[in-house]
Amino acid sequence: MRPPRSRSLAIVVALGVVAAVAVAPDPAVGRSDLTRAQRVELVGLKRDAVRIGGLLRRGQTEEAKTMLAEVEGRFAELKEAAGGLEGERYAELIEEDLAEARSALEPGAAAEEEAHPNMAEMLADDAETPATAMNRPEQAMADASNGGGAGGITFSKDVAPTLVNSCGRCHMNGQSRGGFSMNSYQELMESGYVDPDDPEGGRMIRLMGQVEQPKMPPGNARIKRSQWTNARAWAVAGAKLDKGDPAAPMRLLVPTEAQLLRAAMAKMSDEELAASRLERANELFKKALRRSTPTVVEVSAAESPATGGLILIGNVDESRLEQIAGWIKEDAARLAPLAGEDGLGGRGPLTVFVMKSRFDYQEFHAAAHGLFEVPPSVTADATVPADGSDAYIALQDLRDDATRDDPGMHANVIFGLAEAAMKGRDGDVPAWLSAGLGPAIAFEVDPQNPALRAMAERLPAAFSRLSKPEDLLKPGTFAPEEMPAVGAALVSVLRKNGGDRKLGQLLDAMAASAPAEQPAMMNNMRRGGNRDRGDGGAAALWQVYGVAPAQLAAWLAAAAR
């Protein structure tokens, strides 16, 4: 028997982070003469260039080669059509992404092209390079201003990204290889490894330049000449912090690839973003279902404000898409108070893929995510990357009349929307809430749904194994197949004791107390969308509702009577 929603679909969304890229705070700033279509294409190219890194990390070398060739071809065509992309920072980032991919695919050529710098070679650069300027420390100090360095070099923009991406794995987040920790600017300066009075800037700079051994970073990782010269210029100019709390984690100064892409998306108008989403939807559909002609229905933001508009695309009839659109307009409004600050679809329209058969649904996930085995119980799922580049739900078209084995299409739509709402909260939701929200809302809409009633019948057996009420929210207390029923019961009782507004406050409190993100070089994927918090959200529950898990269990018992 297929339960209506046994667990969230595990989808890997690679936001590949290219190590050792000197990050500028606003990559989208550049030429203003690009057409809307060209800027949409530029954003799409950046997104695809990042995905090449994800393929390489998963060992999919042949797929990476194919995608690299495709992206290089499209990038060359865009350059020619635009008459060049000089001064366009986003184009520069794409070129760096492609260069990194080529290096990974051709190690020999990459090593020759981008060998680790030698100190003597650095100091022999021409007079315009930062390294040569640093032969005159007094000039560098004169150029420094409020945390800056020679030529306006700053710690946050020109140094921290190199340290986080190239050194963080061994010297941040509790790691202090060789007794050297640089988790924060304060720790870095207290280490003694940076010395503004040293003509070379201190031991860290000498290690980065291979003047001292061991070679840093170890292995095949490399620090580019420009990164070394920037770090040295900053160090001898005073090694100042230009912004932020000295004791705060250094990684907070460094935008992730997701944040950079989000900043670029923010530069796009609503029309450009909608065009980008529609183009992406057609690309995904054609990639997955090449033999099908897509049916498309668009709904304006005015008609569906909770989702910022809709793009429905599938291999079903137009009337079916319009029916689903009608459900979404109503159900999205129910879920909007529980979504993240960007709403169900983020900024821009939410895309909804509808596949008429199980085979088509599986083909879609194979093409979109490389996921070739979709659990039979999963018939709806959501993808909401943190960078805002996409926001869509994928649905298998089910029958309209629900049975004990089939929740029906309307409930399936609600499951997908609920997952989109939780995915938009960037993984700060415990499993019970993520799994239970959709069934709870669907049961409210259709309390006679036989599949949902069958789910509720599993509750007594699940709760009978709860030996300690204080373990109610603890991860691992219930089996995965029990989580939708247990979660739906918990969500329902919380809504009864405070409504959606308070439940939204609980989600906000969970996000505020979530474990810190990993550094940019590690924050390149998240499986399943929502992590199991160690306390299952108990601390946030106490903060918002003033009850402990044992008291929540008492609420459940009272509701069951």
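The shortest side-chain heavy-atom distance between Tyr392 and Leu284 falls under the 4.5 Å cut-off. Leu321 has its side chain within reach of Val354: a pair of non-hydrogen atoms, C-beta onward, lies under 4.5 Å apart. Within the 4.5 Å cutoff, no side-chain heavy atoms of Leu163 are placed close to those of Tyr185. No side-chain heavy atom of Val352 sits less than 4.5 Å from a side-chain heavy atom of Val413. Here the side chains of Leu98 and Phe75 are in contact, with some heavy-atom distance below 4.5 Å. Between Met409 and Gln323 the shortest side-chain heavy-atom distance does not fall below 4.5 Å. Counting only heavy atoms from C-beta outward, the side chains of Glu318 and Val297 approach each other to under 4.5 Å. A heavy-atom distance below 4.5 Å is not found between the side chains of Glu322 and Leu312.
Considering only residues two or more places apart in sequence or on other chains, Ala420 meets the side chain to side chain contact (heavy atoms under 4.5 Å, CB included) condition with Leu344, Ala382, Val384, Ile393. Partners of Glu298 according to the side chain to side chain donor-acceptor pair (under 3.5 Å) rule, which considers only residues two or more places apart in sequence or in another chain, do not exist here. Taking Glu272 as the reference, Arg36, Val40, Met268, Ser269 meet the side chain to side chain contact (heavy atoms under 4.5 Å, CB included) condition, with sequence neighbours excluded. Scanning for side chain to side chain contact (heavy atoms under 4.5 Å, CB included) contacts around Thr35 gives Ala37, Gln38, with sequence neighbours left out. Every residue was checked against the side chain to side chain contact (heavy atoms under 4.5 Å, CB included) condition with Thr66, not counting sequence neighbours, and none meets it.
Contact detail for Ala302 and Pro305: the closest heavy-atom pair is O-CD, 3.7 Å. Residues Ala248 and Ser184 share a closest heavy-atom pair of O-CB, 3.2 Å. Nearest heavy-atom pair, Leu278 versus Ile311, reported as atom, atom and distance to 0.1 Å: N-CD1, 3.6 Å. In terms of heavy atoms, Glu86 sits closest to Gly83 at OE1-O, 4.3 Å. In terms of heavy atoms, Ala418 sits closest to Leu335 at N-CD1, 3.6 Å. Across every non-hydrogen atom of Leu507 and Leu338, the tightest pair is CD1-O, 3.4 Å.
Taking a 6.0 Å sphere around NZ of Lys356, one finds it holds 12 or fewer heavy atoms contributed by other residues, nucleotides or ligands.
A donor-acceptor contact shorter than 3.5 Å links the side chain of Asp242 to the backbone of Ser156. Between the side chain of Asn412 and the backbone N or O of Gln396, at least one donor-acceptor pair lies under 3.5 Å. Formation of a donor-acceptor pair under 3.5 Å by the Thr295 side chain with backbone atoms of Asp317 is not found in this model.
Summarising the geometry, atom CG belonging to Asn315 is positioned 12.0 Å from atom CZ belonging to Arg320; distances are rounded to the nearest 0.5 Å. Note that CG of Asp48 and CG of Leu68 are 11.5 Å apart. Values are rounded to the nearest 0.5 Å. Atom CG in Leu395 sits 7.5 Å away from atom OH in Tyr361 (nearest 0.5 Å). Once rounded to the nearest 0.5 Å, the distance linking CG of Asn230 with CZ of Phe155 reads 12.5 Å. To the nearest 0.5 Å, atoms CD1 (Ile414) and CD1 (Ile328) are separated by 10.5 Å. From Gln362, atom CD reaches atom CZ of Arg358 across 5.0 Å, with rounding to the nearest 0.5 Å.
Using bins of under 30°, 30° to 60° and over 60° for the plane-to-plane angle, the ring pair Phe364/Phe353 lands in the tilted bin. Ring-plane geometry between Trp327 and His410 is classed as parallel, the angle between the planes falling under 30 degrees on a 0 to 90 degree scale with a further cut at 60.
Between Glu95 and Lys79, at least one side-chain N (NZ, or NE/NH1/NH2) sits under 4.0 Å from a carboxylate O, which counts as a salt bridge.
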Practice prompt. Start with the C-alpha gap between Arg102 and Glu72, add the side-chain angles, then the distance that decides, and say whether side chain to side chain contact (heavy atoms under 4.5 Å, CB included) holds.
Written response: CA-CA 11 Å; Arg102 285 191 292 269; Glu72 286 180 323; 2.4 Å; yes

Worksheet item: Going through the checks in order, is the side chain to side chain contact (heavy atoms under 4.5 Å, CB included) test met by Met204 and Leu207?
Response: CA-CA 5 Å; Met204 183 184 79; Leu207 286 169; 5.6 Å; no

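Each side chain to side chain donor-acceptor pair (under 3.5 Å) pair with one or both residues in residues 279-290, not counting sequence neighbours, appears once here: Arg280-Asp390.
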